[in-house]
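The structure appears below as structure tokens.
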Amino acid sequence: MNRKQRATEIYARLARRYPEPKPALHWSTPWELLVATALSAQCTDERVNKVTPVFFERWPSIADAANADVAEIEEVVRSTGFFRNKAKNLKAAATRIMEIYGGEVPKTMAELITLGGVARKTASIVLSNAFGVNEGIAVDTHVKRLAFRMGLTTKTDPVQIEKDLMPLFAREQWGEINHFLVFFGRETCPARKPQCESCELNDICPKKGIE
DNA sequence: CTCCCGATAT
DNA sequence: ATATCAGGAG
């Protein structure tokens, strides 16, 4: 079984396991998803979901966030880690959306990554989940680990991994494959102690039983 | 490459 | 004590 065939099989099996893919992050607007995803850097979704309700009650609109006091944002997002960067970036992003994009979260990769604290991973999540647009495959810590373990890439740089993955899946599947690998990674194939014995992909996994 | 950084599991 | 968690920027 070659790389392409393995990718096709992985998609098919995980699509069966996750019939309705939606993010574990709580959100109701593109801006809320952008904030939640930005806060999720090196932090669990569970933790982010405790912080975002406080954030959006304090600053309901993008304009509110743009006018917020950075020190106050730092307090609210502190528990997610990297809180100084995240607070500064969110205010800057909100300000830029108000000043440059007319108060609407932009809908292209090129525009999104001009926002502070937003790179390809966060942009891809917002595009696919909030706008139904697939311009890239979000490569986060789970996708990185799973793509390597399942033999879909040998690279370590997220940008290179994304280039390896894109030709393996139809564009309409790019948002889903991210979701599948993230959830499968959490539930069955975590960084520590992967459950190879009970894994439904163990028959096609090159790294089965390793590490 | 380094730095940013708190919360939780092991 | 250490590894890991839906990364991004200098």
Side-chain angles (χ1 to χ4, degrees), chain A residues 14 18 20-27 30-55 70-97 109-131 134-150 152-153 155-163 165 174-195 210-211:
Chain A
L14 293 183
Y18 302 107
E20 286 188 34
K22 61 179 193 333
L25 293 169
H26 299 164
W27 59 282
W31 168 246
E32 289 191 8
L33 180 58
L34 192 157
V35 172
T37 309
L39 289 178
S40 71
Q42 296 297 296
C43 180
T44 61
D45 286 2
E46 191 181 352
R47 170 61 51 189
V48 173
N49 286 336
K50 289 178 179 176
V51 166
T52 45
V54 179
F55 188 102
V70 182
E72 204 177 333
I73 302 180
E74 287 182 1
E75 289 176 34
V76 172
V77 305
R78 172 179 293 269
S79 69
T80 68
F82 300 154
F83 64 93
R84 293 187 185 87
N85 286 340
K86 287 174 180 176
K88 178 163 52 69
N89 288 336
L90 286 174
K91 179 178 167 66
T95 301
R96 183 170 172 81
I97 291 172
M109 176 72 72
E111 292 171 314
L112 281 168
I113 62 177
T114 70
L115 303 173
V118 178
R120 291 190 64 86
K121 183 265 172 178
T122 299
S124 289
I125 295 297
V126 171
L127 286 170
S128 63
N129 291 286
F131 299 129
N134 289 314
E135 282 202 59
I137 296 177
V139 177
D140 52 53
T141 184
H142 296 293
V143 173
K144 181 177 180 178
R145 183 179 68 254
L146 267 291
F148 174 74
R149 287 183 178 168
M150 296 304 302
L152 302 181
T153 185
K155 311 289 176 48
T156 57
D157 172 35
V159 176
Q160 295 300 318
I161 294 173
E162 186 179 2
K163 284 181 182 175
L165 293 181
W174 287 0
E176 294 171 282
I177 197 62
N178 164 266
H179 176 93
F180 295 161
L181 294 182
V182 169
F183 279 72
F184 177 71
R186 273 192 199 139
E187 298 167 359
T188 300
C189 194
R192 291 187 279 193
K193 301 192 175 184
Q195 300 164 28
I210 300 182
E211 80 218 303

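Naming: A, B, ... by sequence-line order, numbering from 1 per chain. This structure is a prediction, so every number in the text was calculated from the model and none was measured.
- As a whole-Å value, the separation of Lys144(A) NZ from dG8(C) P is 12 Å.
- An OP1 or OP2 oxygen of dT4(C) is reached within less than 4.0 angstrom by no side-chain nitrogen or oxygen of Arg145(A).
- An OP1 or OP2 oxygen of dC5(C) is reached within less than 4.0 angstrom by no side-chain nitrogen or oxygen of Arg186(A).
- Counting only heavy atoms from C-beta outward, the side chains of Arg149(A) and Cys189(A) approach each other to under 4.5 Å.
- For Ile161(A) and dG7(C), the CD1 to P distance is 13 Å, given to the nearest whole Å.
- In plain terms, the two heavy atoms of Ala87(A) and Val70(A) that are nearest each other are CB-O, 4.0 Å.
- Side-chain N or O atoms of Glu135(A) include one that pairs as donor or acceptor with a backbone N or O of Met109(A) at under 3.5 Å.
- A donor-acceptor pair under 3.5 Å is formed between the side chain of Lys86(A) and the backbone N or O of Gly81(A).
- The distance between atom CG of Leu165(A) and atom C1' of dA6(C), rounded to the nearest whole Å, is 15 Å.
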Protein-to-nucleotide contact annotation, 5' to 3' order, nucleotides 2-9 of chain B [B base; S sugar-phosphate only; - none; under 4.0 Å, heavy atom] = --BBBSSB

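- Across Gly136(A) and Arg120(A), no two heavy atoms sit closer than the pair CA-NH2, 4.0 Å.
- Among the heavy atoms of the strands lying under 4.0 Å from Val118(A) are primed sugar atoms or P, OP1, OP2 only; no base atom is included.
- Ring geometry for Tyr18(A) against His179(A) counts as perpendicular: the plane angle is over 60°, on a 0 to 90° scale with 30° as the lower cut.
- The NE2-C1' distance, from His142(A) to dT4(C), rounds to 9 Å in whole Å.
- Straight-line distance from the CG atom of Leu34(A) to the P atom of dG8(C): 10 Å, rounded to whole Å.
- As judged by a 4.0 angstrom heavy-atom cut-off over every strand, Asn178(A) is placed among the base-contacting residues.
- Mapping Asn89(A) and Lys22(A) onto DNA chain C by nearest heavy atom places Lys22(A) closer to the 5' end of the strand.
- Straight-line distance between the C1' atoms of dC5(C) and dC4(B): roughly 15 Å, to the nearest whole Å.
- Atom P of dT10(B) sits at a distance of 14 Å from the matching atom of dA6(C), rounded to the whole Å.
- Distance CG (Leu90(A)) to C1' (dG7(C)): 13 Å, rounded to an integer number of Å.
- Under the 4.5 Å side-chain criterion, counting only non-hydrogen atoms from C-beta, Val51(A) is in contact with Val76(A).
- For Asn49(A) and dC5(C), the CG to C1' distance is 14 Å, given to the nearest whole Å.
- Residue-level contact check: Pro23(A) touches the bases, meaning some heavy atom is under 4.0 Å from a base atom.
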